[in-house]
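Below is one structure, written out as structure tokens; comments come after it.
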Amino acid sequence: MLETTASNSPQPAEIYVKEKEVNGKAVGFECSTINGQTYCVTRGLLRVMSLEDDWYEDVNDPASVIAELNESHTRADIFTFWQRLPDVEPKYQYHTEWESVAVLPIKGFDYWWSKQIKDKTRNMVRKAKKAGIEVREASYNDAFVQGMTDIFNETPVRQGRQFWHYGKDFETVKRQFSRFLFREELIGAYYGDELVGFAMLANAGKYGVLGQIISKIKHRDKAINKVIEKCETQQLPYLVYAYWNENSLSDFKRHCGFECIKLPRYFVPLTFRGKLALKLGIHRNWKEAIPRQIKDPLKKLRSRLFRSKRREV
């Protein structure tokens, strides 16, 4: 277990506002640049600061960041960071909790096809090919963006909840999804000239990140096989698909060979409020404090309500 040390006297970090997308909507966040990296503060009663791109970057010298935050005007109550794959063993002595991440070890397309996926996924890929679905690399041009917009606006409800991108027009989709093209590759599933599904694969250095995979309802999940091929070509040892939560999406992840891997996340209180929140166990999203036996029935009720509204429309 290591505790890093700050080597220089920190200077107060400058605060600025940066727009980020949260649940499909643009939101302004207070940010600071420390050691050449951007950190953002969540808004609310408890202000939590974290590295903006923590899926793609490791924190440079956590102790020096903490020292600078203690001298800055960010007014953050808690600083949090985690270890990215493949570092699963805790390295630091800060308060540690475990983050469940959906991970697919990449051992080659043939291994994935024969050993890692379920029969349902294998049959789905075969049927898509027989039905004339072609999965190929795509370019971010107006035709592709229009296809994305059509897919987004097919239904207001996906996975039993309101879909974030429903109702967005062409220009909004084009602007919001162009921001990370510098690290993403596009994969499209086509039926003739029609885009019926797509995936966005980002390179995080240590692994690939499946940032978006979506399709029209009758052509669900047709692009995953090409994603595996791209990871193999880029020699990425893992494919990560966000967090591991027990919901309808986790079934898709299981069928495609993803597994749950736990990574250490650290929480460092910076204020009395932060220390109190950490002690009371209310330092994370309030939804995470709800017991599973209460949360799961509420999710099912929400899904039924959204399905009912969808039928009425």
Side-chain angles (χ1 to χ4, degrees), residues 3-84 90-101 161-162 164 176 179-180 204 209 211 242-245 262-291 294-295 298:
E3 186 78 52
T4 57
T5 57
S7 57
N8 299 313
S9 178
Q11 297 297 320
E14 180 182 351
I15 303 170
Y16 56 92
V17 176
K18 183 174 182 179
E19 187 178 276
K20 296 178 61 180
E21 188 176 318
V22 179
N23 296 348
K25 298 180 180 179
V27 179
F29 284 84
E30 288 187 9
C31 299
S32 293
T33 300
I34 304 173
N35 295 343
Q37 296 179 294
T38 300
Y39 293 82
C40 297
V41 183
T42 59
R43 301 190 300 176
L45 294 177
L46 191 68
R47 296 168 59 85
V48 180
M49 173 165 270
S50 61
L51 185 63
E52 179 185 33
D53 287 331
D54 60 358
W55 288 94
Y56 301 91
E57 300 178 34
D58 298 306
V59 172
N60 296 330
D61 192 358
S64 69
V65 174
I66 294 166
E68 185 156 349
L69 288 176
N70 282 323
E71 296 294 327
S72 73
H73 304 291
T74 56
R75 296 182 294 116
D77 298 304
I78 289 177
F79 171 58
T80 182
F81 68 101
W82 71 348
Q83 290 173 205
R84 298 192 302 147
K91 295 180 178 179
Y92 305 102
Q93 296 178 348
Y94 307 118
H95 175 86
T96 307
E97 297 182 9
W98 295 94
E99 205 79 86
S100 298
V101 179
R161 60 192 302 174
Q162 284 184 310
W164 297 340
Q176 291 185 344
R179 294 173 301 165
F180 303 114
V209 177
Y243 298 104
W244 185 277
N245 297 312
K262 295 184 180 295
L263 300 174
R265 175 172 288 280
Y266 305 99
F267 294 87
V268 183
L270 303 173
T271 65
F272 174 77
R273 179 185 297 180
K275 292 179 181 178
L276 183 61
L278 198 61
K279 185 175 182 179
L280 295 176
I282 55 174
H283 52 290
R284 305 191 68 146
N285 188 308
W286 63 270
K287 295 179 182 178
E288 298 184 30
I290 302 176
I294 297 176
K295 186 186 301 185
L298 288 176

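The first residue of the sequence shown is numbered 1, and numbering continues consecutively from there. Note that the structure is predicted; figures quoted are calculated from it, not measured.
None of Val41, Leu69, Ile15 except one satisfies the side chain to side chain contact (heavy atoms under 4.5 Å, CB included) rule with Ser32; the exception is Ile15.
The distance from atom CG of Asp58 to atom CG of Asp53, rounded to the nearest 0.5 Å, is 12.0 Å. Annotation: the span from Glu57 atom CD to Arg84 atom CZ amounts to 8.0 Å, rounded to 0.5 Å. Interatomic distance, Lys275 NZ to Asp77 CG, rounded to the nearest 0.5 Å: 12.0 Å. Atom CD of Glu19 sits about 8.0 Å away from atom CZ of Arg179, to the nearest 0.5 Å. The CZ atom of Arg265 sits 12.5 Å away from atom CH2 of Trp98, with the distance rounded to the nearest 0.5 Å. Atom-to-atom distance recorded for Lys91:NZ and Thr96:OG1 is 13.0 Å, nearest 0.5 angstrom.
Here the side chain of Thr80 pairs no donor or acceptor atom with the backbone of Ser50 at under 3.5 angstrom. Under a 3.5 Å cut-off, the side chain of Arg273 and the backbone N or O of Leu45 do form a donor-acceptor pair.
Considering all non-hydrogen atoms of both residues, Ala76 and Leu270 come closest at O-CB, 3.5 Å. The nearest pair of heavy atoms linking Thr38 to Cys31 is CG2-CB, 4.2 Å. Contact between Val209 and Ala204 at its shortest, heavy atoms only, is CG2-CB, 3.9 Å. The minimum heavy-atom distance linking Val101 with Ala242 is given by the pair CG1-O, 3.4 Å. Closest of all the heavy-atom pairs between Leu51 and Gln37 is CD1-CB, 3.6 Å.
The closest side-chain heavy-atom distance from Val65 to Asp61 is not below 4.5 Å. Within the 4.5 Å cutoff, the side chain of Phe81 has heavy atoms near those of the Pro62 side chain. For the pair Val48 and Phe267, the minimum side-chain heavy-atom distance is 4.5 Å or more. Side-chain contact between Leu263 and Gln83 is absent, with no heavy atoms from C-beta onward closer than 4.5 Å.
In this structure, Leu280 places its CG atom where more than 12 heavy-atom neighbours from other residues, nucleotides or ligands lie under 6.0 Å away.
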message = Show, in sequence, the C-alpha distance, side-chain angles and deciding distance for Ile34 and Asn60, and conclude whether the side chain to side chain contact (heavy atoms under 4.5 Å, CB included) test is met.
response = CA-CA 9 Å; Ile34 304 173; Asn60 296 330; over 6 Å; no
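Listed by first then second residue, pairs satisfying ring-ring contact (aromatic ring centres under 6.0 Å, His included) with a partner in residues 28-57 read Tyr39-Phe79, Trp55-Trp82, Trp55-Tyr243, not counting sequence neighbours.
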